[in-house]
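Below: one structure, written as structure tokens.
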Amino acid sequence: VLPESSNVNVTLDQTVLQNDKDYSFTGSDNVNAGTATLTVKGSGNYSGTLTQTYTIGSLSITNASVNPSADATGLVIRYQDTYSRTGSAIVPDVKITNTVGTNTVTLYDSTDADKKNNATVSASSNTNSGKARVTISGCNNLTGSVSGNFTISNRTFDDLSVTVGN
């Protein structure tokens with residue numbers, strides 16, 4: 001996570017320098033929680049390079065919006081809320097995103113092997129028809145937990161096939 005340009009302040013002899021005019025910046029080790037590096041490189045009337053470390057903290061999912069409207073921003077957790085009964089335990093596919101401004105980052109996606117390391121998903125009362133419960137618990141870059149309900153409906157005869165034979 002690279003800081004927004006408005007959060008990077010570069011000064012020289014009490015003069016505030018301007019991003020993209022007097023300097024540019026890049027980041028490294030800035031994806032996961034922990035220590036990241038910011039590199040500031042002079043441009044225009046300024047030269048040289050300065051390296052600074054900063055800390056990226058874990059993000060709590062405790063107050064995330066769960067299944068909000070499609071245009072919701074901020075920290076959002078989405079999962080399907082209605083399933084047909086299968087006779088087997090159902091655990092919803094879950095996706096956690098964080099949108100700041102126009103930038104959306106997927107923090108967890110249970111359907112993407114590369115995005116499955118920041119949370120665990122479990123479910124209870126999730127085999128028979130009725131109300132089931134899903135719990136999403138953060139780990140690694142995410143902390144906290146959120147629980148919600150989903151519905152398992154009876155299958156209808158439209159889902160069945162019948163064969164009468166000799």
Side-chain angles (χ1 to χ4, degrees), residues 1-83 90-124 126 131-151:
V1 177
L2 197 57
E4 295 285 326
S5 61
S6 61
N7 292 332
V8 176
N9 297 306
V10 178
T11 59
L12 178 64
D13 298 328
Q14 298 181 349
T15 300
V16 177
L17 305 184
Q18 294 179 355
N19 183 34
D20 293 330
K21 177 182 177 193
D22 301 322
Y23 69 91
S24 62
F25 66 92
T26 58
S28 61
D29 298 323
N30 58 344
V31 174
N32 296 311
T35 302
T37 302
L38 178 72
T39 301
V40 179
K41 183 177 180 181
S43 60
N45 295 324
Y46 302 92
S47 63
T49 302
L50 172 70
T51 301
Q52 178 73 41
T53 60
Y54 63 101
T55 301
I56 300 173
S58 296
L59 184 61
S60 175
I61 63 173
T62 303
N63 294 318
S65 298
V66 178
N67 285 340
S69 63
D71 60 346
T73 60
L75 189 59
V76 172
I77 298 174
R78 294 188 191 283
Y79 60 87
Q80 185 176 328
D81 60 3
T82 305
Y83 292 85
I90 296 171
V91 178
D93 290 329
V94 173
K95 188 172 188 176
I96 303 172
T97 59
N98 192 23
T99 302
V100 178
T102 59
N103 186 27
T104 298
V105 176
T106 299
L107 303 171
Y108 175 84
D109 185 343
S110 61
T111 64
D112 183 343
D114 293 332
K115 301 281 185 182
K116 289 180 82 165
N117 63 340
N118 285 324
T120 59
V121 178
S122 61
S124 59
N126 57 332
K131 189 174 283 191
R133 191 128 182 101
V134 61
T135 300
I136 302 108
S137 299
C139 58
N140 297 321
N141 294 318
L142 300 175
T143 62
S145 65
V146 173
S147 294
N149 295 321
F150 63 99
T151 302

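Keep in mind that this is a model prediction, so the values were computed, not measured.
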Can you see which heavy atom on [X] is nearest to which on [Y], and at what distance?
| X | Y | answer |
| --- | --- | --- |
| Thr49 | Lys41 | OG1-CG, 4.0 Å |
| Arg78 | Ser69 | NH2-O, 3.0 Å |
| Val91 | Ala123 | CG2-CB, 4.1 Å |
| Ile77 | Ile96 | CG1-CG1, 3.8 Å |
| Asp29 | Ile56 | O-CD1, 4.5 Å |
| Ser147 | Thr135 | OG-OG1, 3.0 Å |

Legend entry - Residues Thr82 and Thr151: side-chain donor-acceptor under 3.5 angstrom: no

Legend entry - Any donor-acceptor N or O pair under 3.5 Å, side chains Asp13, Thr15: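 On atom types as modelled, these side chains do not qualify, holding no pair under 3.5 Å.
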
For the side chain of [X] and the backbone of [Y], is there at least one donor-acceptor N/O pair under 3.5 Å apart?
| X | Y | result |
| --- | --- | --- |
| Thr37 | Thr53 | no |
| Thr73 | Thr99 | no |
| Ser43 | Tyr23 | yes |
| Asp93 | Thr111 | no |

Inset, instruction - Sort out for me which residue in Thr39, Val10, Asn19 forms a side chain to side chain contact (heavy atoms under 4.5 Å, CB included) with Phe25. - result: Asn19

Could you measure the distance from the [atom1] atom of [X] to the [atom2] atom of [Y]? Nearest 0.5 Å is fine.
| X | Y | atom1 | atom2 | value |
| --- | --- | --- | --- | --- |
| Leu17 | Tyr46 | CG | OH | 4.5 Å |
| Thr97 | Asn103 | OG1 | CG | 11.0 Å |
| Leu75 | Ser65 | CG | OG | 7.5 Å |
| Thr106 | Asn118 | OG1 | CG | 11.0 Å |

Inset, instruction - Give the intermediate values and the outcome of ring pair (Phe, Tyr, Trp, His ring centres under 6.0 Å) for residues Phe150 and Tyr83. - result: CA-CA 8 Å; Phe150 63 99; Tyr83 292 85; 5.6 Å; yes

Is the shortest heavy-atom distance from the side chain of [X] to the side chain of [Y] under 4.5 Å?
| X | Y | result |
| --- | --- | --- |
| Asn98 | Leu59 | yes |
| Val121 | Tyr108 | yes |
| Leu107 | Asn141 | no |

Legend entry - Heavy atoms from other residues, nucleotides or ligands near CD of Gln80 exceed 12 (cutoff 6.0 Å): yes

Inset, instruction - Could you walk me through whether Val66 and Tyr79 pass side chain to side chain contact (heavy atoms under 4.5 Å, CB included), step by step? - result: CA-CA 8 Å; Val66 178; Tyr79 60 87; 3.5 Å; yes

